[in-house]
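A note on names: the letters A, B, ... follow the listed sequences, proteins ahead of strands, and every chain is numbered from 1.
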2 protein chains.
Amino acid sequence: MAKFRLDETDHQILDILIDNTRTPFTDIAKKLNISAGTVHVRVKKMEEAGIIIGSSLTLDYKKLGYAFIAYVGVFLQKTSQTKFVLERINQIPFVTVAHVTTGKFNIFCKVRAKNTEHAKQIIFLLDDIEGVYRTETMISLEESLNDKKRLMHSIFKEL
Amino acid sequence: MAKFRLDETDHQILDILIDNTRTPFTDIAKKLNISAGTVHVRVKKMEEAGIIIGSSLTLDYKKLGYAFIAYVGVFLQKTSQTKFVLERINQIPFVTVAHVTTGKFNIFCKVRAKNTEHAKQIIFLLDDIEGVYRTETMISLEESLNDKKRLMHSIFKEL
DNA sequence: GGTGAAAGCACCGAGTT
DNA sequence: AACTCGGTGCTTTCACC
């Protein structure tokens with residue numbers, strides 16, 4: 001897991017692409033006063049180094065009818081295998097991310113659902129997994145995403 | 001927040017772009033046996049409708065030296081303003097997302113940090129916010145992301 | 001590691017069915 | 001709505017710095 005050396009130019013390229021992956025390389029080149037070929041080569045290198053894993057669309061799940069977010073803490077039975085339960089959890093598509101955690105819960109996951117009723121069904125699925133002792137749900141009343149760019153700037157300051 | 005009508009073709013387009021936003025429209029057109037112009041028009045419509053909010057890079061934060069993830073539950077003092085505290089929390093760049101929640105905690109957030117020491121500093125920042133009574137931290141030992149595509153498929157089955 | 005030019009493609013709007 | 005088509009502009013490579 002060696003750290004990869006990124007210079008100021010790489011940061012600026014990532015900065016632009018993180019906001020819009022379809023920004024033409026020619027535009028980036030103009031802004032940074034380098035050639036489009038250079039942008040191309042640098043992006044390719046960052047992809048090869050695994051810094052850039054991929055690109056994805058940001059969709060409005062509310063508009064798709066999926067406005068409900070909940071976090072679910074999972075308590076396991078003493079004898080149960082965390083890995084096994086984690087695999088089962090990841091088979092539920094409405095669970096977007098799951099973490100094995102220290103602290104109160106054994107596993108902790110985020111659920112994206114249509115509404116309360118739908119969420120209930122998903123949580124029942126979680127409860128029914130073999131080895132799960134019980135769950136504890138926190139419903140999100142308001143989500144507030146922080147700008148990815150802000151995190152990047154902070155990271156770059158220190159690299 | 002009206003639901004937008006997406007047909008099968010729209011789903012397939014999103015399916016491809018969610019994996020790689022730079023997939024040429026001509027490639028998508030070939031796969032779906034439609035013209036590239038149609039792909040273009042449909043993507044544009046989904047952008048205008050606000051279904052597609054934007055596009056972003058997926059970076060390997062571990063490779064950037066930020067392997068530490070924790071979830072922090074925040075308890076507020078009875079008199080404190082949730083909105084005010086939420087704003088303060090969002091000023092910390094290493095907090096990637098914050099939720100107002102029902103249940104145990106008042107606010108619940110995700111922290112991305114370099115290591116334990118760094119996380120400690122961030123959590124101290126949270127603790128120091130006016131109106132915060134105390135916090136409770138859960139450290140992620142293992143993160144397991146679910147495929148975005150899987151969620152989309154499930155959503156599309158029901159639209 | 002960067003450039004600039006050139007060839008190959010993709011984008012995207014206009015006009016058509 | 002979707003198609004075709006053409007102008008414009010983007011990507012990507014390569015010889016040269």
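- Checking dT11(D), dA1(D), dT13(D) against every side-chain atom of Arg22(B), the shortest atom distance belongs to dT11(D).
- Atom-to-atom, NZ of Lys31(B) to C1' of dA10(C) comes out at 16 Å; the value is rounded to the nearest Å.
- If you check dA1(D), dC12(C), dG1(C) against the side chain of Arg42(B), the one that comes closest is dA1(D).
- The separation between Asn33(B) atom CG and dA2(D) atom P is 14 Å, rounded to whole Å.
- Of the candidates dT11(D), dC11(C), dA1(D), dT11(D) carries the atom nearest the Thr26(A) side chain, counting heavy atoms from C-beta on.
- In this structure, the NE2 atom of His40(B) is 11 Å from the P atom of dA14(C), given to the nearest Å.
- Atom CD1 in Ile28(A) sits about 14 Å away from atom C1' in dT12(D), given to the nearest Å.
- Partner of Leu6(A) under the side chain to side chain contact (heavy atoms under 4.5 Å, CB included) criterion, out of Ile13(A), Leu14(A), Ile155(A): Leu14(A) alone.
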Original post:
Which is it for Glu136(A) and Arg134(A) under the side-chain contact (heavy atoms from CB on, under 4.5 Å) test, yes or no, and what are the steps along the way?
Top reply: CA-CA 7 Å; Glu136(A) 200 174 301; Arg134(A) 68 182 190 85; 3.7 Å; yes
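- Rounded to whole Å, the distance from CD on Glu48(A) to P on dT12(D) is 13 Å.
- Using a 4.0 Å heavy-atom distance criterion, Thr38(A) is classed as a base contact.
- Atom NZ of Lys44(A) and atom C1' of dC10(D) are 16 Å apart (whole Å).
- Atom CZ of Phe25(A) is separated from atom C1' of dG8(C) by 17 Å (rounded to the nearest Å).
- Put simply, CD on Glu47(B) is 13 Å from C1' on dC11(C), counting in whole angstrom units.
- Ring pair His118(A)/Phe68(A): centre-to-centre distance not below 6.0 Å.
- Among the candidates Lys45(A), Arg5(A), Arg42(A), the single residue satisfying the salt bridge (charged side-chain N to carboxylate O under 4.0 Å, His left out) test with Asp10(A) is Arg42(A).
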